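To keep things clear, I will list the structure first and then write my remarks on it.
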Amino acid sequence: MRSATTAVAVTVLAILAASPAGARPSVYTMTCAQAQAFVKQQGAVVANTGPQTFQRFVTDQRGCSRQEVAWPAYGRTRDNPQCLIGMKC
């Protein structure tokens, strides 16, 4: 299990290193596990969900303001059309 987590982390870092500075990561090019690990690592992130769409993902309620409620956020990833990527506010 530890080696799988390490492999996911290395892959996510490789994806981020290959992207231009300031560019949003694209969850639709990641596997479901990679997208989940990325959101978990960042805590809150704005990511591309398609070629011209994006969404903010958070790990839990702490990523939302007091007036907002965290809801499950599903999105298309490379290997899963309905991946539970994280939460949205």
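Quick note: residue numbers are just sequence positions, from 1. Source: prediction; values computed, not measured.
- Two residues are said to be in side-chain contact when any heavy atoms from C-beta on lie closer than 4.5 Å; Y74 and C83 fail this criterion.
- In this structure, V58 and V39 have side chains that are not in contact, with every pair of non-hydrogen atoms separated by 4.5 Å or more.
- When atom types are taken as modelled, the side chain of N48 and the backbone of G50 share no donor-acceptor pair closer than 3.5 angstrom.
- Interatomic distance, CD1 of I85 versus CE of M30, reported as 9.0 Å (0.5 Å rounding).
- Checked by atom type and distance alone, the side chain of Q55 never pairs as donor or acceptor with a backbone atom of V46 at under 3.5 Å.
- Using modelled atom types, one side-chain atom of Q34 and one backbone atom of T31 make a donor-acceptor pair closer than 3.5 Å.
- For R76, the side chain to side chain contact (heavy atoms under 4.5 Å, CB included) criterion is met by P81, not counting sequence neighbours.
- Distance check, rounded to the nearest 0.5 Å: OG of S26 to CZ of F38 gives 10.0 Å.
- Taking 4.5 Å as the limit, every side-chain heavy atom of Y28 sits out of range of all side-chain heavy atoms of T77.
- Within the 4.5 Å cutoff, no side-chain heavy atoms of K88 are placed close to those of R56.
- Judged by distance alone, with hydrogens and angles left aside, the side-chain atoms of Q61 form a donor-acceptor pair with the main-chain N or O of A70 at under 3.5 Å.
- Rounded to the nearest 0.5 Å, atoms CZ (F57) and CE (M87) are 12.0 Å apart.
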